Amino acid sequence: MVDTTANTEKIYNWIANIPDPEIPVISIADLGMLRRVEYKEDKYVVTITPTYTACPAMKMIEDEIIEKLHDHHVDNVKVDLVYTPAWTTDWISETAKIKLRKYGISPPQHSSCSKVFGTEKQVACPRCNSKDTEVISKFGSTACKALYKCNSCKESFDYFKCH
Amino acid sequence: MKKEEAVFKYCLRLGDDALILGHRLSELCSKAAFIEEDLALTNISLDMIGRAQAILKYAGEVEGKGNSEDDLAYRRPEIKYYNHLLMEQDNGDFARTIVRQLFISTFEYFLYSDLERSADPTISAIASKAIKEVKYHFEHASEWTVRLGDGTEESHNRMQKAVNDLWMYTGELFEMDEVENLLLKDGIVVDLIPIKSQWQMKLQNVLTEATLTMPEDGYMQTGGRKGVHTEKLGHILSEMQYLQRAYPDAKW
């Protein structure tokens, strides 16, 4: 008899540190994309949730999970993509936010943005920490980022949009 | 009509709206007025295609004939596409692209806010994801509308012309037929009558700020939900479906 509970924990730990393909300094667990690992009908089911509906990294992440577990001789794996509850930037861990800032991306300011017809305020520069910043483009290099510039140190930077 | 058939048809409608607008916007990739706008319009396009993928996948599951989202996107002819006519309208000048985005994102904001409470768990889940993205689409379109409407004489005139030209495609957004009426009883879809007044009010606010005039309701075009399209859809499909038609089942 295989102890599947112990295995699901092991599996979770093996894949938790898979980096996000777009932002390699943080992992899929840091981002809150990796939801759970369960044992169902002879299979280990890994549940992940997309940050954005069209996030092109999802397929890559799925492949990496399968590959990583294959290296550990686990092949009865199924990766499930779920949309609900919808991913929110609230699930990004505090450690991950520090890593993001060091990497030069300003982390999301506040949670879930319940406000609907409004804009983000007070985005801090990840380099000099000044709050004197302005938006250059609300849509950035990837679906999850916006482009800002800092009026103090004059550098431009990415801001991880609050979702 | 059975409930499953109605859910399938409804999902095709939502999926086709997202897919056709997404494809239309993708035509602007590398051709927008400047780099930030190129990023914005293609990001919005990507959101739309992601949404289409999720909804059409579910449509295929409900249909139960083994059709994937790709089969539904690439193997249906024009008369089996059920998007609103507004989605397929050409990009035209930048004013026309922005006004089309404004009309649609304002509508989708109210539609998807309500669909979040759909009794169908998959539709509700997709809506809760979509609404976060639609918020950005609305902000983008409304800010440009104000900037251009209240801009120079040239930009103002072009915006007003786009508003007037596209107006006749907006009536269709609020039509309900037997598919919607059947699903409305089960709480799966939402009533579009209250959404129409919310849409008009929100739009009126933006247009007023932009010094633009909201047209009087006149003759309205219709047909998208029945597969009767303007001449523009065939051209989109011929480009989008070419590869799968020429080389069926081709993969990356």
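Keep in mind that this is a model prediction, so the values were computed, not measured. In the text below, chain A, chain B and the rest are named by the order of the sequence lines, each starting its count at 1.
With respect to chain A, the highest number of heavy-atom pairs below 4.5 Å among B:Ile126, B:Thr122, B:Thr42, B:Leu46 belongs to B:Leu46. Counting heavy-atom pairs closer than 4.5 Å to chain B, the top-ranked of the candidates A:Ser141, A:Ala86, A:Pro85 is A:Ala86. The residue among B:Glu133, B:His140, B:Arg51 with the most heavy atom pairs within less than 4.5 Å of chain A is B:Glu133.
The distance from the OG1 atom of A:Thr89 to the NZ atom of B:Lys132 is 6.5 Å, given to the nearest 0.5 Å. Between B:Asp38 atom CG and A:Ser137 atom OG the span is 10.0 Å, to the nearest 0.5 Å. Note that CG of B:Leu39 is 11.0 Å distant from CD1 of A:Ile136, once rounded to the nearest 0.5 Å.
Within a 6.0 Å sphere centred on CG of B:Leu243, other residues, nucleotides and ligands contribute more than 12 heavy atoms. Within a 6.0 Å radius of NZ in A:Lys99, other residues, nucleotides and ligands contribute more than 12 heavy atoms. Within 6.0 Å of CD on B:Glu209 lie no more than 12 heavy atoms contributed by other residues, nucleotides or ligands. Crowding of A:Tyr12 atom OH: a count of heavy atoms from other residues, nucleotides or ligands under 6.0 Å exceeding 12. Crowding of B:Tyr247 atom OH: a count of heavy atoms from other residues, nucleotides or ligands under 6.0 Å not exceeding 12. Heavy atoms of other residues, nucleotides or ligands lying less than 6.0 angstrom from NZ of B:Lys57 number 12 at most.
When heavy atoms are compared at a cutoff of 4.5 Å, A:Leu81 does not approach chain B at all. A:Thr49 does not touch chain B: none of its heavy atoms, backbone or side chain, sits under 4.5 Å away.
Taking the side-chain contact (heavy atoms from CB on, under 4.5 Å) definition, one finds that A:Asn129 meets it with A:Ala124, sequence neighbours left out. With sequence neighbours excluded, the residues satisfying ring pair (Phe, Tyr, Trp, His ring centres under 6.0 Å) with B:Phe94 are B:Trp144.
Geometrically, A:Lys138 does not engage B:Tyr136 in a cation-pi contact, judged by NZ or CZ lying under 6.0 Å from the ring centre and within 45° of the ring axis.
Nearest heavy atoms, B:Lys129 versus A:Tyr83: CG-CD2, 4.4 Å.
Here the side chains of A:Phe139 and B:Glu37 are not in contact, with every heavy-atom distance at 4.5 Å or above.
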